[in-house]
Protein chains: 2
Amino acid sequence: MSKSLKTARRGGDVASAVADGAGTGAVSRRADRAAERRAAIVQAAMDEFIARGFAATRLDDIAKRAGVAKGTIYLHFKDKESMFEELIRTAIVPFVGRLAVPPPLGGSVRDMVESLARMFLQEIAGTRRADLVRLIIAEGPRFPAIADFYYREVVSRGLAAMRALIQLAVTRGEIREPKLVQHPQLMIAPMMVAVIWKSLFERHAPLDAEAMLQTHLDLIFGARRPT
Amino acid sequence: MSKSLKTARRGGDVASAVADGAGTGAVSRRADRAAERRAAIVQAAMDEFIARGFAATRLDDIAKRAGVAKGTIYLHFKDKESMFEELIRTAIVPFVGRLAVPPPLGGSVRDMVESLARMFLQEIAGTRRADLVRLIIAEGPRFPAIADFYYREVVSRGLAAMRALIQLAVTRGEIREPKLVQHPQLMIAPMMVAVIWKSLFERHAPLDAEAMLQTHLDLIFGARRPT
DNA sequence: CATTTATGACTGACTAGTCAGTCATTGTAA
DNA sequence: TTACAATGACTGACTAGTCAGTCATAAATG
C-alpha cells in the first residue's frame, strides 16, 4: 500500500538544479516540478491544519492555497488522514537529530541547558512551530499514531537527554536536588508553558520567556552570585 | 440576542429535588424535567466535544447520548457554536470561586501551595477535566471568546493569587528567589505539564504527579530538612 | 382544551474522494 | 534536427455521503 510518493529521484542528476537566476523561475525537469508542488501542498496543508485543526480543514482550501487542483493532492497523499499524519511526522523529524545531547563539553551544565532552552524558545516558541506543538496536543488523542510517534521520537528522547544532563549536574554539584533526576519534566515545564502561552494568551499579556527561563534556572542551579 | 437560555429558575422551590428513590425516576415538575434534560445535554455534549473536538462532534451523537431528540437541543441552545462556548463557561465557573486565595492563615506558604496543587492534581489532572483544559488549548485559537474568557476568569486570577502567595513567601523568607514574583507561571508550569501528560502520554509512561510536585516545591522553597 | 415542550424526518449546503480527459514533457525514429 | 508517439502529472466536474439547523406534528401538562 501507500506507494503514492512520487518524489523519489530517478537516475543521478540531481544537478538540474533550480538555478532560477532571474526570470520566470520556470522549472523544466518533471520530477522537480512535482517535488515543488508537493512542497507547496505540504506548506499549505500545514498552514491550514494549524489554523483550523484537522476536522475543520478543507482539502479545497489546501489546494487553492497551494495553487493546485484538488486531484493533485491525491497524487501525493492517500487521503486526508494520512496526509495529516505524514505532515506532522515530516515537520518533527528535523528536530529529532538535535536531541542527542552534544558531548558534555567543557562549560557548565547550566550553560548547556541554557543554550538548549534558548534555542528552543527561539526556534519553537517564537515561531509558527509553537502552533504545531499545540496542534499535536490538540489532535493527539484522536490520532494515537501521532501521539505515539511524538512520544517516541521527541518526548522520550528529549527527557532522556535532559535526565542525563541533570545527572551530570548533580554529580558535579551544580544541582543540589538529586530527586530532579527522576523528574526531568520539571526542567522542561516552563518551555511548554511558554509555547502554550504564546499561542493562547500572548495578546492578553505578553510573556518574557527569556526572563522566566533565567528565573527558572536560578531556582534549579541556584542564583548566580552577583560576581 | 441569544435569549435561548431557559435554565433560569422560576419561582423559588428548587426543592422538588430528584428523590428518585427506586423506580422510574419519573419527574413531574415541568421545569425540573427541562433542567434535567438540559443537564443531560450538557453532560453528553461535554463528553463528545472532549472526545472529538468541536468540528468533528455531531449534534446527532450528542442528542443520542443525552437520550433526547436533536430538536430538543435547539430548545436550550442557539446553535452548535454558542452551545460549545456556553458549555466551556459553565464547566469553568465552579472553579473560579476557589481561586480567591483563602486568607493567608497560620501555616506556611509552602503548605498552602502544596494543598492547592494537590487539589488541582486530584480534581483536574486526575479527572476528565484535564481533557477540558486540553480542549481549551486545542480550540482556543479558533474561539477567541473562549480563550478570552479563560484568560480573564482563570489564568489571570490564578496567576494573581499565586503571585500574592509568592510575594508573601518572599517576605517571610520562605522563598529566596525574589524574581519568582515576576513569574508565577513557574509555580504552575508542572501542573500544566501534568495535565497534558495525562491526556497524551499516560499510557506510554505513567507520571507520578505528586512526587513531581514535591520535587518542584523543594526546588522553590528549599528541600525540607530531614528533621 | 389550550398551551407548552418534544420529536425526528427533512432540507440544503457542504465536502472527501474519484476519474475521464488534457497537455506539457520526454523519448524515439527518420 | 524535426516529427511523431508515449507518458504521466495535472485538472476540475462529479458522486456519494454527511450534518447543522428547521418545522410540521405529536405528546405532555395544567
Side-chain angles (χ1 to χ4, degrees), chain A residues 1-11 13 16 24-41 44-45 48-49 52-85 87, chain B residues 1-8 10-11 13 16 24-41 44-45 48-49 52-87:
Chain A
M1 326 150 179
S2 78
K3 291 267 188 47
S4 51
L5 319 181
K6 302 295 175 46
T7 321
R9 303 301 164 79
R10 247 176 306 164
D13 53 353
S16 68
T24 51
V27 182
S28 50
R29 215 75 201 331
R30 238 181 189 177
D32 286 350
R33 186 171 162 80
E36 224 176 39
R37 305 217 131 175
R38 188 179 211 275
I41 293 170
E48 291 290 327
F49 280 133
R52 321 183 109 79
F54 176 79
T57 290
R58 283 163 302 216
L59 289 185
D60 285 306
D61 288 347
I62 294 177
K64 185 181 294 180
R65 186 190 277 250
V68 144
K70 183 154 64 150
T72 306
I73 293 176
Y74 286 89
L75 298 176
H76 293 274
F77 301 95
K78 178 167 155 286
D79 58 15
K80 191 183 178 186
E81 197 165 317
S82 52
M83 173 166 74
F84 182 69
E85 297 192 352
L87 230 60
Chain B
M1 319 162 177
S2 80
K3 293 268 189 46
S4 51
L5 319 182
K6 304 294 175 50
T7 323
R10 251 174 307 168
D13 53 352
S16 66
T24 50
V27 183
S28 51
R29 216 62 205 323
R30 239 183 190 179
D32 287 351
R33 185 172 163 79
E36 222 176 40
R37 303 213 135 179
R38 189 178 208 277
I41 292 170
E48 292 289 328
F49 281 132
R52 321 181 108 81
F54 176 79
T57 290
R58 285 164 301 221
L59 289 185
D60 285 304
D61 289 347
I62 294 176
K64 185 181 293 179
R65 186 189 277 249
V68 144
K70 185 157 63 155
T72 306
I73 293 176
Y74 285 87
L75 297 176
H76 293 272
F77 301 94
K78 177 170 156 284
D79 58 15
K80 191 183 177 185
E81 197 164 315
S82 53
M83 173 167 73
F84 182 69
E85 296 191 354
E86 195 178 322
L87 229 61

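Just so it is clear: chains get the letters A, B, ... in the order the sequence lines come, proteins before strands, and each one is counted from 1.
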query = Taking only N and O in the side chain of A/His76, is any of them less than 4.0 Å away from OP1 or OP2 of D/dA9?
reply =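 The answer is no; no side-chain N or O of A/His76 sits under 4.0 Å from OP1 or OP2.
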task = Rounded to the nearest 0.5 Å, what's the gap from CG on B/Asp61 to NZ on B/Lys70? Could you check?
result =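 Going from the CG atom of B/Asp61 to the NZ atom of B/Lys70 covers 10.0 Å.
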Gap between atom CD1 of A/Ile62 and atom CZ of A/Phe77 - 0.5 Å precision =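 Here the interatomic distance stands at 9.0 Å.
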The side chain of [X] is closest to which nucleotide in this list: [options]?
| X | options | answer |
| --- | --- | --- |
| B/Tyr74 | D/dG21, C/dT18, C/dT7 | D/dG21 |
| B/Lys80 | D/dG21, D/dG12, C/dG17 | D/dG21 |
| A/Thr72 | D/dT22, D/dC10, C/dA16 | D/dC10 |
| B/Leu75 | D/dT11, C/dT5, D/dT22 | C/dT5 |
| B/Arg58 | C/dT7, D/dC19, C/dG17 | D/dC19 |
| A/Arg37 | D/dG21, C/dT7, D/dC10 | D/dC10 |

query = When you match B/Lys70 and A/Leu59 each to their closest nucleotide on DNA chain C, which lands nearer the 5' end?
reply =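 Nearer the 5' end of the strand: B/Lys70.
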Whole-Å distance separating the [atom1] atom of [X] from the [atom2] atom of [N]:
| X | N | atom1 | atom2 | result |
| --- | --- | --- | --- | --- |
| B/Ile41 | C/dT5 | CD1 | P | 14 Å |
| B/Ile73 | D/dA20 | CD1 | P | 9 Å |
| A/Phe77 | D/dA9 | CZ | P | 15 Å |
| B/Lys78 | D/dG21 | NZ | P | 8 Å |
| A/Arg38 | D/dA9 | CZ | P | 13 Å |
| A/Glu36 | C/dT25 | CD | C1' | 15 Å |
| A/Met83 | C/dT15 | CE | C1' | 13 Å |
| A/Asp60 | C/dA13 | CG | P | 17 Å |

task = Measure across B/Ala63 and B/Ala69 and return the closest heavy-atom pair with its distance rounded to 0.1 Å.
result =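 It is CB-C, 4.0 Å.
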inquiry  = Using 30° and 60° as the class boundaries, would you call the ring planes of B/Phe49 and B/Phe54 parallel, tilted or perpendicular?
reply    =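 Ring orientation, 0 to 90° scale: parallel.
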query = With a 4.0 Å cut-off, would you call B/Arg38 and B/Glu86 a salt bridge?
reply =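 Between B/Glu86 and B/Arg38 there is a salt bridge, with a charged N closer than 4.0 Å to a carboxylate O.
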